[in-house]
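Structure first, commentary second.
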Amino acid sequence: MLKFLVLCALAASVYADCGVQVISPSLSKIVGGDEAVPGSWPWQVMLRKKYWGGDYQFCGGTLINDQWVVTAAHCFYNYGNINLYSAVVGAHDRDAVDATQSSVGLAQVFLHEDYNTRTLDNDITLLKLSSPVSLSDYVTPACLPQREVATGTDCVVTGWGDQETTVDDPALQQVVVPIISTAQCNKATWYGGDITDNMICAGYSQGGKDSCQGDSGGPFVCAASSGAYELVGVVSWGYGCADARNPGVYAKVLNYVDWINNIVANN
């Protein structure tokens with residue numbers, strides 16, 4: 001019993017520091033963004049798939065503990081052979097092997113049972129890694145959200161997706177965007193009612209800053225009052241990238257906390 005209590009105490013101490021960076025970010029190319037400080041978003045996961053001729057980054061994800069990753073359902077819909085996929089943690093350069101990174105296979109994929117391929121409602125998936133990753137300054141889980149985040153709050157999205165620039169930068173990119181109300185986002189000249197209660201919009205009415213193709217499944221995080229970052233959204237969809245009145249749309253993680261906790265506890 002004593003050994004069990006000690007193990008529980010150790011586990012609690014590890015996860016008590018979710019959402020906290022040892023390496024500070026510098027917030028000033030995801031579209032309209034800039035290169036992140038290496039290690040400053042330590043919950044960022046790079047998801048890769050083996051294709052004929054090599055393996056390539058295709059989506060992002062968020063580490064929520066040492067063996068579980070949250071990503072988008074559309075990244076894994078009809079995913080096929082699980083052995084073709086891997087999750088990379090501690091990475092900064094998409095096209096190189098960083099000294100801080102490690103790669104692990106996938107054990108199980110939990111696609112949300114109500115995912116709608118037409119509307120992209122419930123665009124969330126849980127990945128169980130084949131083995132736990134070692135947590136470090138460069139590999140730390142994000143916290144799950146505890147409460148609603150107010151409209152206008154500035155949050156951060158990160159990823160290796162398309163930057164819509166002449167030269168594609170393989171380094172992890174970051175951009176700060178404010179949350180937009182669902183009512184605003186559903187206006188006729190915006191998304192015309194396509195935003196459900198399971199989605200969050202974030203960006204600018206004039207466009208210019210956004211997530212894009214390849215960022216899918218990655219983290220949209222907001223700082224809580226404690227300063228720790230919570231996984232408020234999962235990069236899901238949008239019309240174009242950084243277009244006016246078409247901000248990024250994210251799966252609203254707050255609506256899935258019980259779903260996530262139940263799967264993790266039972267698997």
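Residue indices begin at 1 and follow the sequence shown.
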Once ring pair (Phe, Tyr, Trp, His ring centres under 6.0 Å) is applied, do any residues pair with His112, and if so which ones, sequence neighbours excluded? Tyr256, Trp259
Which of Ser136, Ser102, Ser134, Pro42 passes side chain to side chain contact (heavy atoms under 4.5 Å, CB included) with Val89? It is Ser102
Quick check against the 3.5 Å criterion: does Asp121 have a side-chain atom that pairs as donor or acceptor with the backbone of Tyr115? no
To the nearest 0.5 Å, what is the distance between SG on Cys185 and CD1 on Ile200? 11.0 Å
Given side chains that start at C-beta, do those of Cys222 and Ile179 come closer than 4.5 Å, heavy atoms only? yes
I would like to know whether Val157 and Val235 meet side-chain contact (heavy atoms from CB on, under 4.5 Å); could you show each step before the answer? CA-CA 8 Å; Val157 58; Val235 179; 3.6 Å; yes
Val249, Tyr77: one ILVMFWY side-chain cluster at the under-4.5 Å cut-off? yes
Nearest 0.5 angstrom please: Tyr229 OH to Cys155 SG, how far? 9.0 Å
Verdict with reasoning, Thr125 to Val234, per side-chain contact (heavy atoms from CB on, under 4.5 Å): CA-CA 10 Å; Thr125 283; Val234 175; over 6 Å; no
Would you indicate whether the side-chain heavy atoms of Val70 and Leu231 approach each other to under 4.5 Å? yes
Below 4.5 Å, heavy atoms only, C-beta onward: do Leu63 and Val133 meet side chain to side chain? yes
Whether Asn198 side chain and Asn122 backbone form a donor-acceptor pair below 3.5 Å: no
What pair of heavy atoms forms the shortest contact from Ile23 to Pro38, and how long is it? CG2-O, 3.5 Å
Between Trp160 and Asp169, is there a side-chain heavy-atom distance shorter than 4.5 Å? no
Report yes if the side chains of Val264 and Ile260 come closer than 4.5 Å at any heavy-atom pair, otherwise no. yes
If you round to the nearest 0.5 Å, how far is CG of Leu111 from SG of Cys75? 10.5 Å
Spacing of SG belonging to Cys201 relative to CG belonging to Asn186, to within rounding of 0.5 Å: 7.0 Å
To check you understand the geometry: which heavy-atom pair defines the closest contact between Ala202 and Val177, and what is its length? CB-CG2, 3.9 Å
Using the ring centroid of each side chain, check whether Phe76 and Phe58 are separated by less than 6.0 Å. yes
Would you say Ser130's side chain and Gly105's backbone share a donor-acceptor pair under 3.5 angstrom? yes
Same cluster for Val156 and Val22 if Ile/Leu/Val/Met/Phe/Trp/Tyr side chains link at under 4.5 Å? no
For the hydrophobic clusters of this structure (ILVMFWY residues joined by side-chain heavy atoms under 4.5 Å, transitively), does one cluster hold both Leu126 and Leu254? no
Can we call the ring centroids of Tyr138 and Trp41 under 6.0 Å apart? no
Without swapping roles, check the side chain of Asp55 against the backbone of Lys50 for a donor-acceptor pair under 3.5 Å. no
Where Ser236 and Ala251 come nearest, the two heavy atoms and their spacing: CB-N, 3.9 Å
In this structure, would Leu47 and Ile82 fall into the same cluster of hydrophobic residues linked by side-chain contacts under 4.5 Å? yes
Examine distances only and state if a side-chain atom of Gln57 and a backbone atom of Arg94 form a donor-acceptor pair shorter than 3.5 Å. no
Classify the side-chain pair Gln174/Thr158 by whether it contains a donor and acceptor separated by less than 3.5 Å. no
Side chains of Val221 and Trp43, heavy atoms from C-beta outward: is any pair under 4.5 Å? yes
side-chain contact (heavy atoms from CB on, under 4.5 Å) for Tyr85 and Val109? Distances and angles first, verdict last. CA-CA 11 Å; Tyr85 297 86; Val109 176; over 6 Å; no
Would a 4.5 Å heavy-atom cut-off, applied to side chains only, mark Gln184 and Trp190 as touching? yes
To check you understand the geometry: which heavy-atom pair defines the closest contact between Gly60 and Gln44, and what is its length? CA-NE2, 4.2 Å
Could you check if a side-chain atom of Trp68 sits within less than 4.5 angstrom of a side-chain atom of Asn267, using non-hydrogen atoms only? yes
Closer than 3.5 angstrom, by distance alone: can the side chain of Tyr191 be matched with the main-chain N or O of Pro247 as a donor-acceptor pair? yes
Please check if the side chain of Tyr79 supplies one atom and the backbone of Leu84 the other of a donor-acceptor pair under 3.5 Å. no
Would you name the heavy atoms of Pro219 and Gly61 that are closest together and state the gap between them? CD-O, 3.7 Å
Verify, without hydrogens or angle tests, whether Gln67 (side chain) and Asn65 (backbone) share a donor-acceptor contact under 3.5 angstrom. no
If I compare all heavy atoms of Pro145 with all of Val257, which pair ends up nearest, and what's the gap? O-CG2, 3.8 Å
Do the side chains of Val45 and Tyr56 join up, straight or via other hydrophobic residues, at under 4.5 Å, putting them in one cluster? yes
Option from Asp93, Leu172, Val88 for which side chain to side chain contact (heavy atoms under 4.5 Å, CB included) with Asp98 holds: Asp93
Quick check against the 3.5 Å criterion: does Asp123 have a side-chain atom that pairs as donor or acceptor with the backbone of His74? yes
Scan side-chain atoms only and decide if His92 and Gln101 contain a donor-acceptor pair under the 3.5 Å cut-off. no
Straight-line distance of Asp137 CG to Ser40 OG, nearest 0.5 Å: 12.0 Å
Measure from the side-chain N and O atoms of Thr140 to the backbone N and O of Gln21, and report whether any donor-acceptor pair falls under 3.5 Å. no
What's the verdict on side-chain contact (heavy atoms from CB on, under 4.5 Å) for Thr182 and Met199, showing C-alpha distance, side-chain angles and the deciding distance? CA-CA 8 Å; Thr182 299; Met199 301 174 187; over 6 Å; no
Crowded around Asn262 CG? As in, over 12 foreign heavy atoms under 6.0 Å? yes
Point-to-point distance, once rounded to the nearest 0.5 Å, from NZ of Lys49 to OG of Ser86: 12.0 Å
